[in-house]
Amino acid sequence: QVQLVESGGGLVQAGGSLRLSCAASGRTFSMYAMGWFRQAPGKEREFVAAVNWDGGSTTYGDSVKGRFTISRDNAKSTVYLQMNSLKPEDTAVYYCAADGRVAAVTSGICAYWGRGTQVTVSS
């Protein structure tokens with residue numbers, strides 16, 4: 001069992017930056033691939049970013065490439081999402097997810113999910 005808790009969301013102006021954190025507990029963090037997803041009201045859940053167990057491989061959704069960076073610190077059992085050059089369309093609830101396979105994370109079929117943190121970007 002893994003419990004995931006997101007933090008770091010808030011209100012920022014367009015062009016600003018924000019860093020989200022996801023703290024994991026319950027199982028060995030380093031065994032899992034991690035990912036970030038987001039969902040805006042009235043829209044489908046969207047893949048944002050994923051990272052493999054040791055941080056050596058990352059992938060990003062097209063809408064955030066070049067602006068967002070995913071990273072992890074296994075010693076702290078935490079995964080991060082650094083968001084730069086934020087746009088109003090980035091406004092959404094951001095969810096942290098975990099699974100034993102990178103493919104599961106990128107596809108959104110994950111064993112574990114956090115409850116989300118709200119990110120609002122004003123214009």
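When a residue number appears, it is its place in the shown sequence, counting from 1.
- No cation-pi contact links R72 to Y32, judged by a cut-off of 6.0 Å to the six-membered ring centre and 45° from its axis.
- The hydrophobic clustering, which links ILVMFWY residues whose side-chain heavy atoms are closer than 4.5 Å, places V12 and Y80 apart.
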Side chain to side chain contact (heavy atoms under 4.5 Å, CB included) evaluation trace for S17 with M83
CA-CA 5 Å; S17 298; M83 304 183 293; over 6 Å; no
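- Cluster membership for M31 and I70, using ILVMFWY side-chain heavy atoms within less than 4.5 angstrom, is shared.
- Ring geometry for F68 versus Y94: interplanar angle of 30 to 60°, hence tilted.
- A side-chain donor-acceptor contact under 3.5 Å links N74 to the backbone of W53.
- With hydrogens and angles disregarded, no donor-acceptor distance shorter than 3.5 Å links the side chain of S107 to the backbone of V105.
- In this structure the side chain of T117 reaches within 4.5 angstrom of the side chain of L20, judged on heavy atoms.
- Taking 4.5 Å as the limit, every side-chain heavy atom of Q82 sits out of range of all side-chain heavy atoms of S71.
- Comment: D62 engages K65 in a salt bridge, judged by a side-chain N to carboxylate O separation of less than 4.0 angstrom.
- No side-chain N or O of R19 forms a donor-acceptor pair with one of S7 less than 3.5 Å apart.
- When every heavy atom of A24 is checked against every heavy atom of F29, the shortest pair comes out as CB-CD1, 3.5 Å.
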Step by step, work out the side chain to side chain contact (heavy atoms under 4.5 Å, CB included) result for R38 and T91.
CA-CA 9 Å; R38 66 187 184 185; T91 295; over 6 Å; no
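- For the side chain to side chain donor-acceptor pair (under 3.5 Å) test with S63, the passing option among E89, E46, K87 is E46; the others fail.
- Using a 4.5 Å cut-off on side-chain heavy atoms (C-beta onward), T106 and T59 make contact.
- A 6.0 Å sphere centred on CZ of R101 holds no more than 12 heavy atoms belonging to other residues, nucleotides or ligands.
- We find the CG-CG distance between L11 and L18 to be 9.5 Å, quoted to the nearest 0.5 Å.
- Taking CG of L81 as the reference point, atom OG1 of T69 lies at 8.0 Å (rounded to 0.5 Å).
- At a cut-off of 3.5 Å, with distance as the only test, no side-chain donor of T78 or D73 sits close to an acceptor on the other residue.
- A 4.5 Å side-chain heavy-atom check between Q13 and L86 finds every atom pair outside the cut-off.
- Hydrophobic clustering, with ILVMFWY side chains joined whenever heavy atoms are under 4.5 angstrom apart, groups V119 together with Y60.
- Both Y112 and W36 belong to a common hydrophobic cluster when Ile, Leu, Val, Met, Phe, Trp and Tyr are linked at side-chain heavy-atom distances under 4.5 angstrom.
- The backbone N or O of G116 lies less than 3.5 Å from a partner atom in the side chain of E6, making a donor-acceptor pair.
- Other residues, nucleotides and ligands contribute over 12 non-hydrogen atoms within 6.0 Å of the CZ atom of R45.
- With hydrogens and angles ignored, the 3.5 Å screen pairs a side-chain donor or acceptor of N52 with a backbone N or O of G55.
- Under the 4.5 Å side-chain heavy-atom criterion for ILVMFWY residues, no single connected hydrophobic cluster contains both V48 and V102.
- The two atoms that bring A92 and Q118 nearest to each other are O-NE2, 3.4 Å, heavy atoms only.
- C22 and L4 get closest at one heavy-atom pair: SG-CB, 3.9 Å.
- Residue S123 comes nearest to P88 through the heavy atom pair CB-CG, 3.9 Å, listed as atom of the first residue, atom of the second, then distance.
- Between Y95 and W113, the ring-plane angle classifies as perpendicular under the 30° and 60° cut-offs.
- In this structure, C110 and A98 approach most closely via the heavy-atom pair CB-O, 3.5 Å.
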Between C96 and V79, is the side chain to side chain contact (heavy atoms under 4.5 Å, CB included) condition met? List the steps.
CA-CA 8 Å; C96 178; V79 63; 3.8 Å; yes
